[in-house]
Trainee: 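The structure follows.
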Amino acid sequence: MSTQPHTRTLNTRTVPARRYFRAELLRAKWSLTMFLPIIMVAIALVSMVFSRGVDATAMASAHIYSLILLPPLAAITSVIGQNREEKLRQGGLIWRNISGTRVLLARAATVIASAALGHALMAALLARSVSTALQFTLFSTLSFFVFWTFGLALWRLVPRAALFLAPLASIAWAIAGTLDAMSPNWKVLPWTWAIRPTLPIHGVQANSISAPADSEIWNIAILPPALLHLLLGLGLFAIALLAHGKSLSLPTGRERSTSSLSHGMSATLPWRTWWSLAALMLAGLAVVRVVWNPEYALGLLSFVCVPTAATVVAIMTWTSQADAWPALMYRRARRSITLRLFALDMAFLVPVLVVAVVISGAGGQTNSQTGINPWPYQAVIAPLVAAMIVAVTGLIARRSVAAAIFVSVALGGWAVMVGGDVLSASPLWWTSEWGWTWVVRDYPARWPVMVLVSAIVMAAFVAWARATSLKAIRSQD
């Protein structure tokens with residue numbers, strides 16, 4: 001009788017490929033992947049409505065999707081999906097005889113199918129010709145895959161930080177691509193590969209304005225940058241397959257609460273991360289002001305920094321408290337917990353944003369139309385806009401972190417379209433709350449209305465969050 005211990009050889013090929021796809025379809029149920037076609041159709045409908053108010057086609061109006069919404073949406077889909085699977089221990093399959101590579105391949109195929117369906121429906125609503133519809137569907141799906149792989153690779157390298165770094169980095173990548181889209185050196189500038197093919201497809205220039213008939217964008221060949229973009233995506237996917245993500249482990253213990261509830265909750269907030277990000281933001285604004293001018297710095301602050309900072313703070317506040325939330329709801333002071341957390345968030349954001357406005361705009365030129373230096377008004381409105389965003393995204397994050405990020409990005413994109421354009425003179429400015437820090441620059445007389453509306457929205461959502469505190473559960477996305 002043999003004395004050698006019994007061993008078992010794992011043969012992952014014994015599981016048929018169809019079962020991997022079936023498992024991914026089950027995992028995608030009620031996830032962001034499942035709702036991608038609905039989100040894309042909604043964006044197409046908004047673009048159609050928006051095109052009627054400007055001199056542009058529906059496809060041209062939808063360029064804002066390819067430019068600034070698709071990259072973070074794809075990255076968010078990736079990192080939220082990975083975050084969900086790790087929290088659920090891969091649905092119990094992590095200890096089973098399966099291939100991790102085939103799991104990711106099946107997941108990629110599921111995401112591609114969902115994105116392709118959404119883009120096909122968008123093309124049916126927006127495109128005027130079959131060739132344009134095919135080009136839009138194929139390249140948008142390809143670009144979605146590339147940014148999805150970027151989020152996946154980033155998650156494998158820096159798991160938790162990827163929740164925020166992936167959408168932010170993808171937005172920065174897209175903006176950089178817009179600046180260099182028409183560069184003669186585009187072949188060696190990877191950030192242009194996602195934007196350059198969209199110009200002839202949407203019929204717009206790099207600034208998303210409809211291109212005239214004699215524009216050079218009509219001479220752009222779509223295939224070369226598309227192939228380079230695909231190679232980039234395949235390289236990122238290979239990195240994700242080769243990189244080893246953070247191993248699963250039991251949650252670590254949190255710091256003990258002190259006698260003061262506010263002090264105890266404050267100890268769990270990621271202050272070091274916040275202050276590090278704030279320092280980078282302030283330094284970046286200072287560089288933009290010195291290299292370019294205060295107007296560029298204020299634009300960056302209004303449309304990027306304020307919404308991003310408020311969204312990051314709101315979501316990280318909830319994720320830092322989510323594990324302990326059931327226990328906190330047994331405290332006698334549970335009705336004040338939401339208010340205390342909101343106060344801690346604003347205690348950080350208010351001074352940071354006021355300093356950011358001063359760095360960006362103090363000492364700048366007065367507005368040529370109003371004859372007023374707008375930065376004092378912006379210093380008042382910026383914290384109020386941030387308070388609105390914290391209240392709204394904080395409430396949504398209790399149900400779904402993915403939904404909170406998407407809502408904030410979508411409203412931020414809408415604010416750029418309305419608040420940063422001549423539409424800010426129309427009644428539509430009421431709908432661009434995320435960009436009011438910039439709107440008040442051109443229309444300082446509106447600041448009392450902005451203060452009043454911001455206070456009402458903030459109070460309403462904080463009261464709603466307080467009233468539903470007992471129903472708040474940790475996101476399962």
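Along the sequence shown, the residues carry numbers beginning at 1. Remember, it's a predicted structure, so these values are computed and weren't measured experimentally.
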Trainee: Taking C-beta and beyond as the side chain, do V409 and L73 meet within less than 4.5 Å on heavy atoms?
Mentor: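 Sidechains of L73 and V409: no contact.
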
Trainee: Taking C-beta and beyond as the side chain, do M40 and F144 meet within less than 4.5 Å on heavy atoms?
Mentor: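 M40 reaches F144 side chain to side chain.
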
Trainee: Parallel, tilted or perpendicular: which one describes the rings of F303 and W438, with boundaries at 30° and 60°?
Mentor: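 F303 and W438: tilted rings.
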
Trainee: So, does H63 use its side chain to make a donor-acceptor pair with the main chain of H202 at under 3.5 Å?
Mentor: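 Not a single qualifying donor-acceptor pair exists.
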
Trainee: Shortest non-hydrogen contact from V354 to A379?
Mentor: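 Nearest pair, atom of V354 first, then A379: CG2-O, 4.0 Å.
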
Trainee: Strictly distance-based, threshold 3.5 Å: is any side-chain N or O of S114 a donor or acceptor partner for the main-chain N or O of T110?
Mentor: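 No: the side chain of S114 does not pair with the backbone of T110.
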
Trainee: What distance do T33 atom OG1 and W148 atom CH2 have between them, rounded to the nearest 0.5 Å?
Mentor: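 Interatomic distance, T33 OG1 to W148 CH2, rounded to 0.5 Å: 8.5 Å.
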
Trainee: Is L67 close to T198 at the side-chain level, that is, under 4.5 Å between some pair of heavy atoms?
Mentor: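 No, their side chains stay 4.5 Å or more apart.
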
Trainee: Once rounded to the nearest 0.5 Å, what's the spacing between atom CD1 of I396 and atom OG1 of T311?
Mentor: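 Between atom CD1 of I396 and atom OG1 of T311 there are 9.5 Å.
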
Trainee: On a heavy-atom basis, which atom in P167 and which in I76 lie closest, and how many Å separate them?
Mentor: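 Scanning both residues, the minimum pair turns out to be CB-CG1, 3.9 Å.
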
Trainee: Do you know which two heavy atoms are closest between P307 and I389, and how far apart they sit?
Mentor: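 So the minimum-distance heavy-atom pair works out to CA-CD1, 3.6 Å.
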
Trainee: Report the C-alpha separation of S78 and T149 in whole Å, then their side-chain angles, then the decisive distance to 0.1 Å, and conclude whether the side-chain contact (heavy atoms from CB on, under 4.5 Å) test is met.
Mentor: CA-CA 7 Å; S78 178; T149 59; over 6 Å; no

Trainee: Do you know which two heavy atoms are closest between A58 and M48, and how far apart they sit?
Mentor: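 Distance-wise, the nearest heavy atoms are CB-CG, 4.1 Å.
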
Trainee: Look up atom CH2 in W173 and atom CH2 in W193, then write down how far apart they are to the nearest 0.5 Å.
Mentor: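 That separation rounds to 7.5 Å.
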
Trainee: Can you find a heavy atom in the side chain of R446 that is under 4.5 Å from one in the side chain of V440?
Mentor: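 Heavy-atom side-chain distance check fails, nothing below 4.5 Å.
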
Trainee: Would you say V204 and I209 make side-chain contact, with heavy atoms under 4.5 Å?
Mentor: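 When only atoms from C-beta onward are counted, I209 and V204 do not touch, as no gap falls below 4.5 Å.
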
Trainee: If I compare all heavy atoms of A194 with all of F139, which pair ends up nearest, and what's the gap?
Mentor: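 Nearest heavy atoms, A194 then F139: O-CE2, 3.4 Å.
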
Trainee: Under a 3.5 Å distance rule, please check whether S140 uses its side chain to pair with a backbone N or O of T137 as donor and acceptor.
Mentor: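 The answer is no, because no donor-acceptor pair under 3.5 Å joins these two groups.
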
Trainee: Ignoring hydrogens and geometry, is there a side-chain-to-backbone donor-acceptor pair from S408 to I405 under 3.5 Å?
Mentor: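 Not a single qualifying donor-acceptor pair exists.
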
Trainee: Let me confirm one number: the CD1-CG distance from I239 to L154, rounded to the nearest 0.5 Å.
Mentor: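 One gets 10.5 Å once the value is rounded to the nearest 0.5 Å.
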
Trainee: Which atoms form the tightest heavy-atom contact between I195 and S66, and what is the distance?
Mentor: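 Closest approach of I195 to S66, heavy atoms only: CD1-O, 4.4 Å.
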
Trainee: Flag the pair T393 / V407 as yes when at least one side-chain heavy-atom distance between them is below 4.5 Å, and no otherwise.
Mentor: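 With C-beta onward as the side chain, the pair stays apart.
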
Trainee: At what distance, to the nearest 0.5 angstrom, does OG1 of T308 lie from CE of M281?
Mentor: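 One gets 9.5 Å once the value is rounded to the nearest 0.5 Å.
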
Trainee: Once rounded to the nearest 0.5 Å, what's the spacing between atom OG1 of T77 and atom CZ of F35?
Mentor: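 Going from OG1 on T77 over to CZ on F35, the span is 12.5 Å.
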
Trainee: Could you go through the side-chain contact (heavy atoms from CB on, under 4.5 Å) check for L105 and F237 one step at a time?
Mentor: CA-CA 9 Å; L105 288 172; F237 193 66; 3.5 Å; yes

Trainee: Distance alone, cut at 3.5 Å: any donor-acceptor contact between the side chains of D345 and T317?
Mentor: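 Indeed, the side chains of D345 and T317 share at least one donor-acceptor pair under 3.5 Å.
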
Trainee: Assess the residue pair L230 and V146 against the criterion (side-chain contact (heavy atoms from CB on, under 4.5 Å)); give the C-alpha distance rounded to whole Å, side-chain angles, the decisive distance to 0.1 Å, and a yes or no.
Mentor: CA-CA 7 Å; L230 176 60; V146 173; 5.6 Å; no

Trainee: I'd like to know whether the aromatic ring centres of H119 and Y65 sit less than 6.0 Å apart in this structure.
Mentor: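 Ring centres of Y65 and H119 closer than 6.0 Å.
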
Trainee: So, do L349 and W274 sit near enough that their side-chain heavy atoms are less than 4.5 Å apart?
Mentor: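 With C-beta onward as the side chain, the pair stays apart.
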
Trainee: Would V453 and W436 count as a side-chain contact (heavy atoms from CB on, under 4.5 Å) here? Give the steps.
Mentor: CA-CA 11 Å; V453 173; W436 277 1; 3.6 Å; yes

Trainee: Flag the pair Q82 / R107 as yes when at least one side-chain heavy-atom distance between them is below 4.5 Å, and no otherwise.
Mentor: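 SC-SC contact between Q82 and R107 confirmed.
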
Trainee: So, does R196 use its side chain to make a donor-acceptor pair with the main chain of A181 at under 3.5 Å?
Mentor: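 Here the side-chain-to-backbone pair exists.
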
Trainee: Looking at G394, is its backbone amide N or carbonyl O close enough to the side chain of W318 to form a donor-acceptor pair, meaning the two atoms are under 3.5 Å apart?
Mentor: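 Answer holds: no.
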
Trainee: Taking side-chain contact (heavy atoms from CB on, under 4.5 Å) as the criterion, tell me which of V380, V385, I381 meets it with M450.
Mentor: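 Of the listed options, the one satisfying the test is I381.
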
